Amino acid sequence: MGSSNFVTEVDPVFIFVTVVSVLFIIGITATMLYFLFRYNKKRNKVAKDIHGHAGLEVIWTLVPLVIVTFMFYFGWVGFKKMMNPPANSFQVKATGRMWSWLFEYENGFQTDTLYIPAQKPVELALNSMDVIHSLYIPAFRVKKDVVPGKLKNKLWFIAEEPGSYDIFCAEYCGQRHSYMLTKVVAMPQNKFNDWYASVAPDTNGRTKTTKESSSDDEMAQKGSMIVKTKGGCLACHSLDGSKLVGPSFKGIFGKEVVVIVDGVEKQEIVDEKYLRKSITTPAAEIVRGYQNLMPPPPLSEQEIGEVIAYIKTLQ
Ligand code: CUA
């Protein structure tokens, strides 16, 4: 048994196709080398006309035909199964954007890591905010394109063993494609139920965790989620110091920057006031060396405060 319900079906087909391909490349190469040796000029001074061989024609047509029909059959059967999620699947909306993943559950809660119950079918409704991505969970042997617009691809699986597994983006989607990583965490059903109940939104639509007091830590934690998801900040701002379209968030708090206001250079210290201004009216002051490209993100006052609390922690 593997980590998902598809492992025992995908792997034999994969091995079958690989073994057949390897045998063919060895066979073809060996035949070619033998012919080079056997029919070279030294051994065959005079060329001979050959007028075909019906038996050979039939063999080298039928044998590959049978083999590829097998490949097609097993591929098709598995594909059909992957295309049809069971009706009782646990539903999650998965959204890709440059360069992060967002998962939204039926109760409205959102996470950047995918949390699911083990041993239960899970169905992901895939959507993209920008370009084509591809959601790939190698351990589960599932991969599906995440396309913007009307076409909503679906992907489903059963995680057989509780555990944590990698999620990759498998479609080149820009500069930070290789950083578009997250995890799927499969929990035993009762543990998952506890977690799911604890994050259920109250009647005001806010999650229970956001109702509690707002310590700096909690604010920073919420800010981290907003930066990675709703804010869409990571398309242009890195967290590790690398320079993208905009300045990196790492170490920016407390730093002195040179900004250009109406064509005039000006020194500024990056404090809370500066960050708030840069988020709400990005075009007002542009850091030297960067372009005026940022649209104001769709965030509330509270959320901007949380983002700032998060940026402060990135030293
Ligand atoms: Cu998203 Cu590559």
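Atoms within a ligand are numbered from 1 in the order they appear, just like the ligands themselves. Values reported hereafter were calculated over all heavy atoms of this structure, with side chains retained and with hydrogens, waters and symmetry mates removed. Everything numeric in this text was worked out from a predicted model, so none of it was measured. Numbering of residues begins at 1 and proceeds along the displayed sequence.
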Give, rounded to 10 degrees, the angle between SG (C169) and SG (C173) as seen from atom 1 (Cu) of ligand 1. 120°

Indicate if the distance from atom 1 (Cu) of ligand 1 to the nearest N, O or S atom of M180 falls below 2.8 Å. yes

With atom 1 (Cu) of ligand 1 as the point of reference, which N/O/S atom of H133 is the closest? ND1

Can you tell me how far apart CD (Q91) and CG (L124) are? Round to the nearest 0.5 Å. 9.0 Å

The atom of H177 among N, O or S that is nearest atom 2 (Cu) of ligand 1 is ND1

Consider only side-chain N and O atoms of Q189 and N193, and report whether a donor and an acceptor are under 3.5 Å apart. yes

Below 4.0 angstrom, N of the basic side chain to O of the carboxylate: do E9 and R141 qualify? no

For E303, is there an ion pair with K222 - N to carboxylate O distance below 4.0 angstrom? no

Write the atom name of the N, O or S atom in E171 that is nearest atom 2 (Cu) of ligand 1. O

Polar contact flag, side-chain donor to acceptor under 3.5 angstrom, D240-S238: yes

